[in-house]
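Notes to accompany the following structure.
Worth knowing before you read on, the calculation uses all heavy atoms, side chains too, and leaves out hydrogens, waters and symmetry mates.
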Amino acid sequence: MRKISEMYKRSGGSSWRHNCEECKHFHQNGKKLRCDLFESDVCWKSNYVACKFFEEPVPEEINGQLNIFDIL
């Protein structure tokens, strides 16, 4: 089975609007690209369609920026 197919199976499908390179679990280890959630030490392609484990990076809060809950 292909490695990306295995990830789709484990996660329950794909997050078709995103690529693996946008996920916080995707990183570069030296010259090789890796997915933290895939246990084998294999190269990963950044243009794969992301699996359901995809997590968008949390935008950093700007210091001094008002939050709606500060007003309520």
Side-chain angles (χ1 to χ4, degrees):
M1 181 180 286
R2 293 182 333 150
K3 57 191 169 196
I4 192 64
S5 298
E6 178 69 24
M7 288 303 286
Y8 295 151
K9 182 179 176 185
R10 289 182 196 174
S11 69
S14 65
S15 180
W16 58 272
R17 293 182 179 170
H18 304 283
N19 290 334
C20 288
E21 67 185 345
E22 301 170 18
C23 183
K24 73 177 187 176
H25 300 293
F26 181 80
H27 70 281
Q28 186 169 359
N29 186 5
K31 290 187 177 182
K32 297 183 179 182
L33 302 172
R34 303 272 183 242
C35 176
D36 291 335
L37 300 177
F38 196 75
E39 68 274 352
S40 297
D41 190 33
V42 296
C43 289
W44 208 257
K45 292 185 180 177
S46 61
N47 62 349
Y48 281 152
V49 173
C51 67
K52 290 277 185 165
F53 292 136
F54 176 84
E55 295 183 22
E56 294 183 30
V58 178
E60 295 181 23
E61 193 171 308
I62 300 171
N63 290 336
Q65 182 177 5
L66 282 176
N67 186 338
I68 188 69
F69 298 109
D70 294 337
I71 298 170
L72 298 177

Residues forming a side chain to side chain contact (heavy atoms under 4.5 Å, CB included) with [X], sequence neighbours excluded:
X	value
V42	K3, F38, S40, W44
Q28	L33
K32	R34, C43
H25	C23, D36, L37, E55

**OP:** Please name the pair of heavy atoms, one in S11 and one in C51, separated by the smallest distance, quoted to 0.1 Å.
**Re:** OG-CB, 3.3 Å
Original post:
For V49 and I4, which heavy atoms make the closest approach, and how far apart are they?
Top reply: O-CD1, 3.9 Å
Let me confirm one number: the [atom1]-[atom2] distance from [X] to [Y], rounded to the nearest 0.5 Å.
X	Y	atom1	atom2	value
K45	F26	NZ	CZ	11.5 Å
S5	R10	OG	CZ	11.5 Å
M7	C20	CE	SG	7.5 Å
Y48	E21	OH	CD	13.0 Å

Subject >> Single-linkage hydrophobic cluster Y8~F54, side-chain heavy atoms < 4.5 angstrom >> reply: no
